[in-house]
Structure formats: C-alpha cells, structure tokens
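Letters A, B, ... are given to chains in the order of the sequence lines, protein chains preceding strands, and every chain is numbered from 1. Note: hydrogens, waters and symmetry copies are ignored here, and every other heavy atom, side chains too, is used. This one's a predicted model, so the numbers in the text were calculated from it and none came from an experiment.
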Amino acid sequence: MKQKKTILTDNSKLVMESLAQSGCDVFIGYPITPANLLYKYATQRFSVVQDAPDEITTLQWMSGYSATGHIPVTATSFPGFALMLESLNMAYMMELPMVAILVQRLGPSTGTATAGAQGDLALLNGMISGGHALPVFCLSNAVDCWEIPNKAAKIAAEFRTPVVILTSKEMMMSLNSFDMGKLKKLSPVERKFYESDEPFVPYKPQKNLVPEFLPLGNNKHRVRITSSTHDTKGILQHSTPEALGNTVRLNEKIVKNAKKYSFYELDEQESDTIIVSYDATAEAAREAVGMIREKGKKVSLLICKTMIPVLEEYIKILNKYKKIVIAEENLTGQFRKILFGTHGKEGVTGVNAIGRMISPDDIAKEVK
Amino acid sequence: MENKYLSTEVSIFCKGCGHQLIAVNTEKALNKLGLSPKDVILVTDIGCHGILDKLSSTHTFHGLHGRSAALAAGTSMGLENPKKKVIVFIGDGGSTIGLQHLVDAAVKNVNMTVIVHNNMLYGMTGGQTSGLTPEGFKTETNPAGKQYQNYDISSMLSNAGGSHVRRLVGMGDFSEELYQAFKVQGFSSVEVMEICTSYGVKFNTGKKVTDFIESAGMEIKLFPEKIRAPYKQNERDIMSSLFENIEAINVKYKNKLKKPLKIIVSGSAGEGAQLAAELFAEAAVGSGLKITKKGSYPVTVGVGFSTAELIISPKDILYTGIVTPDIFVITSNDGLNHAKAKLSKMKKGLLLIDATLNPVAVDPGVEVIQYKFRELATPRSAMFLALDILLKYVPSFPAEAFEEAIANSKIGAKFNMEVLKRAEVPKK
Ligand SMILES: Cc1ncc(C[n+]2csc(CCOP(=O)(O)OP(=O)(O)O)c2C)c(N)n1
Ligand code: SF4
C-alpha cells in the first residue's frame, strides 16, 4: 500500500498540476473569480503564460498556439466564457486541440462572483452553432481533479478538438485534507504529427474520422487551417457535398468516438430508484446514498463525468429505473432536460437550488 | 528561381477592386524577401480581402471577423521564430471590431506585419459605413455622408509603439514599401487606402480616394520608426511540481472526535479569520482528522464580512456544505450581520461570540458564550483566540496543535501566544 501523505490543498492545484504533467505547456489567462487560483498556479508551473487583454484574445491566442503545435489551456467563468464562444466555435471548426476550464458561478450575467452554481451545462450543450457536440467533462471530487484533466488533454490532442472541463466554485476553491497517495502516476500526451512525404491534406479524415495534424509554419508541408465551411484541403466552399460532409464529420467525430471517453461512476443496487448527479453536487449525492442505505433502503447512484456528448449508456442505465432523481445546482434542471426533454418523463424529478449547495438531506428527502 | 506565394493572374475580386493590387504587390514584395513559401503564414480576416487562401501557396490561417491580428499574434508567439513571416490581411471593418488586437500586437511589438485594406467601408456585407469611413463619405447606410471623423488606425498603431507603421495610397507599384514592412522584426503595418468599386464609387461619384484622404487630414507617410526588440516570452522560474514545497502534515496529536463537527467562523475582512481557520484546519489534520474549509467573503475582498465554513471529521468528508453548524464563532459586527440567517436556523449547539456583540434572536436551545475576544487579543487576533478557546471548551483535538500551527506559520514570529495561553476557559 502507498504511504499516506496528507496535505491541505484546493482542487485547483490538482487540476493545474495534472495538466502540466499531461504536457499542456501554454496557459492564457484573463482573471475572473472563481477561476483565479487556476491562473495563479499556471504562472508557477507552465512554461508559457500570457496575460491576455480580454477573453476573445485569450481564445485567439490559444488557437495560434494550438495551430503551431502546443496544447494551450485557459480557465474562466461564464462572463468570460460567453466572450469566448465565437472563437471556441472557430477552434472547433479548425479542429485545434486545447483545454478550456469553465468554473461555474452564480448567474445570470455577472451574478455573484463568489457563489457557486451549476448553471452552464445547457449553454455548453448548444454552444456550437449547428448543434454539434464538443466534449465536456465534469469533475466530481478531488481524484477526478487529478485524473480527468489528464484524460481531457489526451482527448483534445487525439481527436483534434477543443475540450471543456466543467467545474464550479466549491470544487475549485475549497481547501481539503487530501491523501497524496491517492494520486495515480499520469502519462503525458503523446502527439503524433503527419509524417508522410505526400502533400498534407489538413481535413482528410482517418478511419476514426480524425484528420492528422501538422503544425502551421512547418518546413515540410503547406498547412491550411480555416473556420469557414471548407473541403478536405481547407479551402472555403459555399455548400459543396464534400464541404458539408466535412461539417457533418465534425459532430460524428465526437459522437462516434464517445466510447473512448465514457467517464462515469455507477453504483447499483437492486432498487427502483436511482440518483443522478455531477460536479460539486456529486458529493452530496454520494453522502445521500450512504444515508439512505444506512436506513436499510436500497438505492442506486450515477455520477456523470462525460457530460457531452450525452452517453448512450446513461439512457440505457436510467431506463431500468422507475424513479430517477437528478440533483444539480441550477433553477430549471439543465441536465434533466438534456436527458429527458423539456416536458420530462414520469418518475423523473429534480433536486434543484440556486445560491446555496444542494445538501444530502435535500436529495434523501426527494428519494423518500 | 522565383517563388510564387500568391497566384494573382486572375482576380477573384470585383473588377477594379483595390484588393487585387494589394495581392499583386504582396506577391512582388515576398519575392524580394525571398523566403520559402513554407516560411510564410498568411492570416486572413473575414471580408472580401480574406478570400484568397486558395490562391496562396504559403501556410494559410483563416478565422473570424476582426480577430486575425490576435490569431496571428498567437501564431507568431507560438512559433517564436524570426525566420518565419506572419502576415495579416484585414479590412477597415475588421480593424475596429478587432481594434484591441491590433493595438495589443503593436504595444507588445509582436513579430508580424498587418496589411489594412482600407476601402473605407464594409465591402463583403454590402457597403455599410465603418469606423474608418472618413467624414462625408457616402454609403448605403449613410447616404448623406458620414457625420463625424474616422479612426486614424495608423496613428493609433504608431502611438501604441508599432516598430514600423505606414499609410500609402494603393496605386501602382508599392511592393518596395511592403517589402520594407515585411523585413522588420517586430510589429509593422501598412494601411493601404483604396476604393471599393462596387459600393464606394457608386455613392461617391466623381470623388477620388485622395480627395477623402486629404479632407480627412490623413497623412500618407511612414510614421516615425520605433525599432525595438520584438516580443519574446520571458524566461521564468517555474516549479517542477506545484506540490514540491508542500510538506505532508505529520499526525502528532490525538483527537477525541467521534463524528463530524461543523463550525462556521464569521468575522471581518482583514482580521485574519481565513488564516485562523486555515491553521485550525492544519492542526486538525495534524491530529488525525479530515477537514474541509470553504472561505466566503464579499466580491471586494478587503472590506465587510469574512466567513469560513469548517468541517472536521474522523472519516472522509463528502458534502462540504454546512446547512446548520454545530458551532458558530463570531468575532465582529460584520461577521454577525452575515451570520444572522444561518444563526437563526440553529436549534442547538454552541455560539461563541464577542462580548461587544448582541446575539439577538438565538434559539434558547443554543448555548451562548460571550467572551472578550477583541479586547483581550486585539481585533486582528480575535479569531485566533476564539478558536483556541473553542478547542479548550469543546474537546475535539488539542489546542496545543493549533498553537503550534500558529507558531510555525508566517505570522508565528509576531504572534502574541501568551494571550492564548493565559486566557481563561469559560466554566461549563
Ligand atoms: C462577429 C461578426 N460580425 C459581423 C460579421 C459580418 N461581416 C462579414 S464581412 C464583414 C465586413 C467586412 O468588411 P471589411 O473588414 O472592411 O472588409 P472588406 O469586405 O471591405 O474587404 C462583416 C461585418 C461577421 N462575419 N462576424
Ligand atoms: S465588394 Fe468592394 S471590396 Fe469587395 S471585392 Fe468588390 S470591390 Fe472589392
């Protein structure tokens, strides 16, 4: 057994150390609470850190760095993320690997900078114009804060895509006692660049629907990168079948490869009832499950970490249950609606709150 | 052998469009520069000027409207290679929506050349008035002529510190001027004044580009050069791990806790409540406990309340929130005001509160201890005293552990430990 080494730390430190060990070498920052700790740690650990004058610049610089072969990272909250949206669509269309960490806080608008929330999933689900999926991963505890960023960076590189790590104030800013012995050794991203002597076709997909990558500015092959609708050569097209095919592929690339990034935690018992949660509320859900079971009742638990694309497994799992309780810290049940539509489904209920954390009691009461 | 960078034999623009002449001159200037096409990265904006990717044998990067200068800056910084030439093609429209990016690149002196295609209107979208449209210039959206002056983009970029900034009229052969700009290591820009034959000429018949340049008082010139080193990322000392200097906390003390204890401490910003709570947490870990600590303060950190929620527990803590605490510690009026809502929900447990404060509306089930924390320890150390008293009054882990954590902390040398040691513990 590993030796116990207990320290006091916030999870922001775990996230940034994990990304650094994964090979992410560039951080572009624009300050915003509750993402500031991430920015601070980046300045202590990343070889390149740029202070951008705004969040649009942030994403544009990241795209420049990404196109030239780096894996850039940023961290922000809704107000900054909103400014990044058009550029994130650009990076998605260009197929540029990068990691954006979205630390949720209480909205709407500038809201309360120092209050937690889980209010941005619906936005993420529709953020790519056209309805395409962009991978979104969520952190449910300290161990996730170590392991998921490593996976996210690898997925960004392997699938040539921006990825979002979704988290929230309480997850990033609270101080916890943590046993360092729980940290697995991480392996860095291994980047593979196009090697052939044949001319490089920047958007020609391989079997897995992902085009090979070659940095802009290399001496061997000309590289074209564009965010306008384009053919496999990266040449702007109005709506030729080839170009539209490419646009369709962007979504299929993410959805059809989802098996490679299906991250969730399932703790099942023989029961009619399942609790579903993610992000900071996941810990309350775990505790609620403990409380319910202590009283001799059976209940199952699903903690989702891959939020987008929505995994087929989730639906398969949930379809086995009569009662589904989905706990998330927002007003209207964003994940619930993503899973079961605006009109919901019989037996599906939500535990929701704003301006405060959802407690294990709140969840246990709903399960009854 | 002559390299071909842009094939310009056939124009892809409207007949007579000034953009074509820029393409032709760029090709010539790049030939003079003599780089391999693979050493050139052409970053194009959205607008008529930006549709020539397919004609280029260089690397091409085509992004969003107005963002090309930032995309190029990221590219240039990402390459950090003086042998590579990053060139931006942007319009007058893109120059205002992306003004920040242009100015920022000039301020930083990022190694890149920007060619502003100033045809004095938004061409691609049908000839609307732009920020660079000169006063009196008529467009579809301003048939009576623009009412106020234009942005002088070249002056702005020169003032921002761009190494080499020039404005010229886009007629004839200006490849030498472009070549001079391309040669610069650092930020250079060339604003090319031209006319949009489809929309500019139509509404301003009989007028020439130079008429507007003259009436707007725009100078055709090379602005005073400010040659300085191009932007370079600083070498910085970085850690090999964020955890490299963090020592594991040794468990030196024993605790008496059977179940989690939830404590909220509430004081004023600047009075050390967060540090006191953190050292308390450290001491708890040094006594074999698990902890979580959440800080809460107003958006402006230096004033008002400062609250910390602490859970100490003999087993793993999952949910880190506190609905109602077992113990409330309040050392200032700001702290009391912020605590009121949660305090009113408390039906049992303990309230430790400064003697100067009036704990109204506390449930009779809650044990209240008023104590002169501020007077005995000064306001700056009131929370330290309060937590020390708490440990002595409610045995959970030894007060010595807390005192040791304080002594070993950054405030240890100056801290008046005697106050804690001498303070009387309230009688049960
Ligand atoms: C954010 C955003 N707003 C508006 C547009 C629409 N748009 C496309 S091209 C263009 C104008 C281009 O004008 P200019 O930059 O002067 O270039 P020109 O077409 O004259 O060469 C605009 C406003 C856009 N693409 N993106
Ligand atoms: S619309 Fe104007 S700017 Fe655009 S190509 Fe035609 S002449 Fe040139």
Side-chain angles (χ1 to χ4, degrees), chain A residues 5-9 13 16-17 20 33 41 44-50 53-54 56-57 60-65 67-70 86-87 90 94 112-114 170 173-177 180 216-220 222-228 234-236 283-284 286-287 356-357 359-361, chain B residues 36-39 41 43 46 51 53-54 57-64 67 70-79 81 84 86 98 100-101 104 233 236 238-239 241-243 246-249 251 278 281-282 284-285 289-299 317-321 323:
Chain A
K5 186 183 170 193
T6 304
I7 61 160
L8 282 186
T9 183
K13 203 173 265 184
M16 291 320 282
E17 182 58 30
T33 307
Y41 295 139
Q44 299 168 353
R45 185 67 171 87
F46 278 53
S47 49
V48 175
V49 177
Q50 300 278 8
D54 59 75
I56 298 176
T57 305
Q60 292 293 328
W61 283 359
M62 285 170 75
S63 301
Y65 272 103
T68 50
H70 303 266
E86 190 197 14
S87 300
M90 179 194 85
M94 289 175 162
T112 306
T114 50
E170 306 301 354
M173 291 189 66
S174 303
L175 198 67
N176 315 301
S177 48
M180 295 290 280
L216 201 65
N218 79 87
N219 295 330
K220 193 166 170 190
R222 189 258 318 282
V223 176
R224 289 191 194 286
I225 302 180
T226 178
S227 78
S228 293
I235 302 279
L236 182 152
E283 291 283 46
R286 290 188 184 105
E287 195 165 317
R356 66 172 182 86
M357 293 177 84
S359 72
D361 275 333
Chain B
S36 148
K38 302 211 174 58
D39 290 331
I41 300 99
V43 186
I46 300 287
I51 55 174
D53 282 16
K54 62 181 169 202
S57 55
T58 70
H59 298 282
T60 60
F61 207 6
H62 182 62
L64 300 180
R67 310 300 162 200
L71 190 59
T75 305
S76 177
M77 295 187 294
L79 290 167
N81 182 346
K84 302 284 172 182
V86 177
Q100 170 72 69
H101 310 311
D104 189 79
Q233 168 80 23
R236 294 175 310 119
I238 51 170
M239 295 174 153
S241 159
L242 289 168
F243 296 101
I246 299 180
E247 277 180 41
I249 300 171
V251 180
E278 198 173 320
E282 195 184 307
V285 175
L289 294 166
K290 317 274 189 218
I291 72 99
T292 66
K293 179 211 162 234
K294 289 198 302 167
S296 177
Y297 25 80
V299 185
I317 302 163
L318 298 173
Y319 169 64
T320 59
V323 181

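Looking at A:M62, neither its backbone nor its side chain comes within 4.5 Å of chain B, counting heavy atoms on both sides. Of the atoms belonging to A:S63, heavy atoms from both backbone and side chain fall under 4.5 Å from chain B. The contact between B:Q233 and chain A is made entirely by side chain atoms (from C-beta outward), counting heavy-atom distances below 4.5 Å. Proximity to chain A (any heavy atom under 4.5 Å) is restricted, for B:E247, to the backbone atoms N, CA, C and O. In this structure, chain B has heavy atoms under 4.5 Å from both the backbone and the side chain of A:M357. Neither the backbone nor the side chain of A:A20 comes within less than 4.5 Å of any heavy atom in chain B. A:L8 touches chain B through backbone and side chain together, each having a heavy atom under 4.5 Å away. When heavy atoms are compared at a cutoff of 4.5 Å, B:S241 approaches chain A by way of both its backbone and its side chain. Interface residue B:D104: only side-chain heavy atoms are found under 4.5 Å from chain A. In this structure, no portion of B:S76 lies under 4.5 Å from any heavy atom of chain A. Using a 4.5 Å cut-off between heavy atoms, A:S47 touches chain B through backbone and side chain atoms alike.
Here the straight-line distance linking atom NZ of B:K84 with atom CG of A:L216 works out to 9.5 Å at 0.5 Å rounding. Distance CD1/B:I317 to CD/A:E283: 10.0 Å, rounded to 0.5 Å. Here the CZ-OG distance, from A:R222 to B:S36, works out to 11.5 Å after rounding to the nearest 0.5 Å. Put simply, OG1 on B:T320 and CD on A:E287 are 9.5 Å apart, with the number rounded to the nearest 0.5 Å. Expressed to the nearest 0.5 Å, how far NZ of B:K293 lies from OG of A:S174 amounts to 9.0 Å. The distance from the CG atom of B:D39 to the CG atom of A:N218 is 10.0 Å, given to the nearest 0.5 Å.
Contact count versus chain B (heavy atoms, under 4.5 Å) is highest, among A:M173, A:M94, A:M16, for A:M94. Considering only heavy-atom pairs separated by less than 4.5 Å from chain B, the leading option among A:T226, A:I225, A:D361 is A:I225. Your options are A:G217, A:P53, A:S359, A:P360, and the one with the most heavy-atom pairs under 4.5 Å with chain B is A:G217. Of all the listed residues (B:V323, B:V251, B:I291), the one sharing the greatest number of non-hydrogen pairs under 4.5 Å with chain A is B:I291. When each of A:N176, A:V223, A:I7 is scored by its heavy-atom pairs under 4.5 Å with chain B, the top score falls to A:V223.
Partners of B:K38 according to the side chain to side chain donor-acceptor pair (under 3.5 Å) rule, which considers only residues two or more places apart in sequence or in another chain, do not exist here. Every residue two or more places apart in sequence or in another chain was checked for a side chain to side chain donor-acceptor pair (under 3.5 Å) with B:Y319, and none qualifies.
In terms of heavy-atom proximity, A:A67 sits nearest to B:F61 at CB-CZ, 3.5 Å. Summarising the geometry of A:W61 relative to B:A70, their closest heavy-atom pair is CD1-O, 3.1 Å, with the distance given to 0.1 Å. Taking both residues in full, the closest heavy atoms of B:L64 and A:S227 are given as CD2-OG, 4.1 Å, listed atom of the first, atom of the second, then distance. Listed here is the closest heavy atom pair of A:S228 and B:I46: OG-CD1, 4.2 Å. The nearest pair of heavy atoms linking A:K5 to B:A248 is CG-CB, 3.1 Å.
A donor-acceptor pair is defined here as one N or O able to donate and one able to accept, closer than 3.5 Å; such a pair exists between the side chain of A:H70 and the backbone of B:G78. B:T60 places no side-chain N or O within 3.5 Å of a backbone atom of A:R224 that could act as its donor or acceptor partner. At distances below 3.5 Å, not a single donor-acceptor pair connects side-chain atoms of B:R67 with backbone N or O atoms of A:Q60.
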Check your understanding: Does the side chain to side chain contact (heavy atoms under 4.5 Å, CB included) test come out yes or no for B:M77 and A:V48, once each step is laid out?
Key -> CA-CA 10 Å; B:M77 295 187 294; A:V48 175; over 6 Å; no
Practice item. Decide side chain to side chain contact (heavy atoms under 4.5 Å, CB included) for B:L71 and A:S87; before the verdict, give the C-alpha distance in whole Å, the side-chain angles of both, and the deciding distance to 0.1 Å. Key: CA-CA 10 Å; B:L71 190 59; A:S87 300; over 6 Å; no
Practice item. Output, in order, the C-alpha distance, side-chain angles, deciding distance and verdict of side chain to side chain contact (heavy atoms under 4.5 Å, CB included) for B:H101 and A:T57. Key: CA-CA 7 Å; B:H101 310 311; A:T57 305; 3.0 Å; yes
Review point. Between B:Q100 and A:I56, is a side chain to side chain contact (heavy atoms under 4.5 Å, CB included) present by the stated rule, with each step listed?
Key: CA-CA 10 Å; B:Q100 170 72 69; A:I56 298 176; over 6 Å; no
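Side-chain contact between A:M180 and B:I246 is absent, with no heavy-atom pair separated by less than 4.5 Å.
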